Amino acid sequence: MYELAVIGGGPAGLAAAYSAYQNGLRNIVILERDKELGGILNQCIHNGFGLHRFKEELSGPEYAHRFIEMLKDTSVEVRLDTMVIEITDDKKIFINSPKGYECIEAQSIVLSMGCRERTRGAISIPGTRPSGVFTAGAAQRYLNMEGLMAGKRVVILGSGDIGLIMARRMTLEGAKVLACVELMPYSGGLTRNIVQCLDDFGIPLYLSHTVTEIRGDKRLEGITVMKVDENRQPIEGTEMDFDCDTLLLSVGLIPENELTREAGIAMDPKTNGAFVFENMETSIEGIFACGNAVHVHDLVDFVSAESERAGAAAAEYVKNGASDSEVIEIVNGADVGYTVPQKLHRNTKAEKIDVFFRVRRVFSKSRVVVSSGDTEIAVFKKAFMVPGEMQHLVIPTDKLRDFDTITVTAQEA
Amino acid sequence: MTELTCIGCPLGCRLTVDEENDYAVTGNSCKKGAEYGKNELKNPTRVLTTTVNAEGGIHGRCPVRTEAPIPKAMLFDAMKVLSEVTVKAPVKCGETVLEDILGTGVNVIATRDL
Ligand SMILES: Cc1cc2nc3c(=O)[nH]c(=O)nc-3n(C[C@H](O)[C@H](O)[C@H](O)COP(=O)(O)OP(=O)(O)OC[C@H]3O[C@@H](n4cnc5c(N)ncnc54)[C@H](O)[C@@H]3O)c2cc1C
Ligand code: SF4
């Protein structure tokens, strides 16, 4: 029996395993379906990782490398090519590996399966179904891991960061990126990526536009793009045709949680991840979750920090058992799309609580109010907030302990 | 006059830079924006990340980057130079795969073990 089984060896799983080791566990296993550790970072070869944590701009593989190196000096066991098929609420883990099908048991589990890309945007586009339509992440994997280009004349649907990064990457490799098309009136990606991946190469960004038709028999031959109104309906007479052989979809990420759901862990429909406490514990004692499996992060630095909390909490659980604390609920107020965590243990030893959230619309000068009923507990001033950038509050725990529910609200200043 | 977006913080101010007037910047909300605008027009630089051909490792490509930013105007030439480079496994993360690319004084390093 393992003290801790970590499911997924991306940055979240690596940080959780290392932190559990530092907190005294010695019998830890990481289960990873791929042939190497590092998760999605292996294909994110661009720089911009680790600015918060290492005060350096590393590429994705370099960031993963730092954590993989740290694990080398520990007793953490790594099992690659090992797919977790099912977990149960009494912490049995069914796996398929080169050794065959087996069941292993652990006193605690960390769920760190990451996320996958949405493809739904494509399904609602009328027209033919030729080849040449890829998710941006799939095109990234082909190019960066295998050296294969998805195509030569490219349009990108959605302004998520992966799509923006791929616009630059394919341009540098000799492709012509004709446009990036975004349904919403604001970009889904970081400003820095708009500037350095689109503006740098003169690639136009069409906000409030969408792809309304796909043409081509075997291979994609062209698409039509139209402007949309406030209800996101195409406006007659705004058609623009593009001759392209490739359409990349960068229309969002969804946490990967089949295992979580099947184990009967309570899920938050707003994040598509498990409900978690401040120590990243799920609704089942001794099962923790972290990283993109809980909510989609923009910056890997925050993934690592959150996952270290999950690993430390797993160690605490193995050593001292479950906490029998009362629960404080965090409620989403106006214009707050979700919060992580969604719940707090009233008797937590943590001196401060990190609360992450996303706003539902663009705010210029604004305030984030943490309150309970009519009591204002804390107010944070923000110069600017957009849905594309995750917000982060740090609240002293003692300010929160006396309440049963806490509401986080975004307001114009 | 050139328009650009400041990347100094999420506010993303729209800057206007006047090349004729000692690169005077308007539209910025803080000092950082003025500096950024001036630099971007006088001497824009970028870190280049790409992959090179790899032999004998678990993947056929090895990710690399310039160790420091290089002039933005050289990005496409640098890509051409790197398309001719092949590394042989074992490669160590941080190892130099090409010295002094295009006479910039900047080395290109591997960004993973292979
Ligand atoms: C295509 C793409 C590009 C991205 N680009 C950036 C970027 O440029 N910058 C940035 O900061 N962030 C980026 N992100 C976000 C990035 O994923 C996170 O910052 C971070 O990598 C999340 O770490 P993670 O460990 O939660 O997930 P992942 O890195 O996805 O790791 C999850 C791991 O779990 C494994 N796994 C899943 N299910 C199972 C199972 N059943 N059994 C065994 N193993 C399993 C997977 O194989 C994977 O190795 C990107 C995300 C995606 C999807
Ligand atoms: S000018 Fe200052 S406030 Fe405006 S985006 Fe740049 S750093 Fe931010």
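Every chain is numbered from 1, with letters handed out A, B, ... down the list of sequences. All values reported here derive from a predicted model rather than from experimental measurement.
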- Item | chain A contacts, top residue of B/A110, B/C93, B/G94, B/P44 (heavy-atom pairs, under 4.5 Å) |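 Ranked by heavy-atom pairs under 4.5 Å with chain A, first place is B/C93.
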Please classify the contact of [X] with chain B as side chain, backbone, both or neither, using a heavy-atom distance under 4.5 Å.
{"X": "A/N47", "result": "both"}
{"X": "A/H46", "result": "both"}
{"X": "A/F363", "result": "neither"}

Report yes if the side chains of [X] and [Y] come closer than 4.5 Å at any heavy-atom pair, otherwise no.
{"X": "A/R168", "Y": "B/R46", "result": "no"}
{"X": "B/I109", "Y": "A/E62", "result": "yes"}
{"X": "B/T5", "Y": "A/I194", "result": "no"}

Specify the closest pair of heavy atoms between [X] and [Y], including all atoms of both residues, with the distance to one decimal.
{"X": "B/T111", "Y": "A/P61", "value": "O-CB, 3.2 Å"}
{"X": "B/T49", "Y": "A/R169", "value": "O-NH1, 4.2 Å"}
{"X": "A/V195", "Y": "B/Y36", "value": "CG1-OH, 3.7 Å"}
{"X": "B/M79", "Y": "A/L172", "value": "CE-O, 3.4 Å"}
{"X": "B/F76", "Y": "A/T171", "value": "CE2-O, 3.4 Å"}
{"X": "A/N144", "Y": "B/R61", "value": "O-CB, 3.8 Å"}

Contacting region of [X] [heavy-atom separation from chain A under 4.5 Å]:
{"X": "B/K72", "result": "side chain"}
{"X": "B/I58", "result": "both"}
{"X": "B/L114", "result": "neither"}
{"X": "B/C6", "result": "backbone"}
{"X": "B/T50", "result": "both"}

- Item | Lys/Arg-Asp/Glu bridge criterion (N-O < 4.0 Å) met for B/R65, A/E57 | no
Can you tell me how far [atom2] of [Y] sits from [atom1] of [X], rounded to the nearest 0.5 angstrom?
{"X": "A/N42", "Y": "B/H59", "atom1": "CG", "atom2": "NE2", "answer": "6.0 Å"}
{"X": "A/I68", "Y": "B/D113", "atom1": "CD1", "atom2": "CG", "answer": "8.0 Å"}
{"X": "A/E173", "Y": "B/T51", "atom1": "CD", "atom2": "OG1", "answer": "6.0 Å"}

- Query: Quick one: of A/E146, A/E69, A/R192, A/Q196, who has the most non-hydrogen atom pairs under 4.5 Å with chain B?
  - Reply: A/Q196
Can you tell me if [X] has over 12 outside heavy atoms packed within less than 6.0 Å of its [atom1]?
{"X": "A/F380", "atom1": "CZ", "answer": "yes"}
{"X": "B/E19", "atom1": "CD", "answer": "yes"}
{"X": "A/E412", "atom1": "CD", "answer": "yes"}

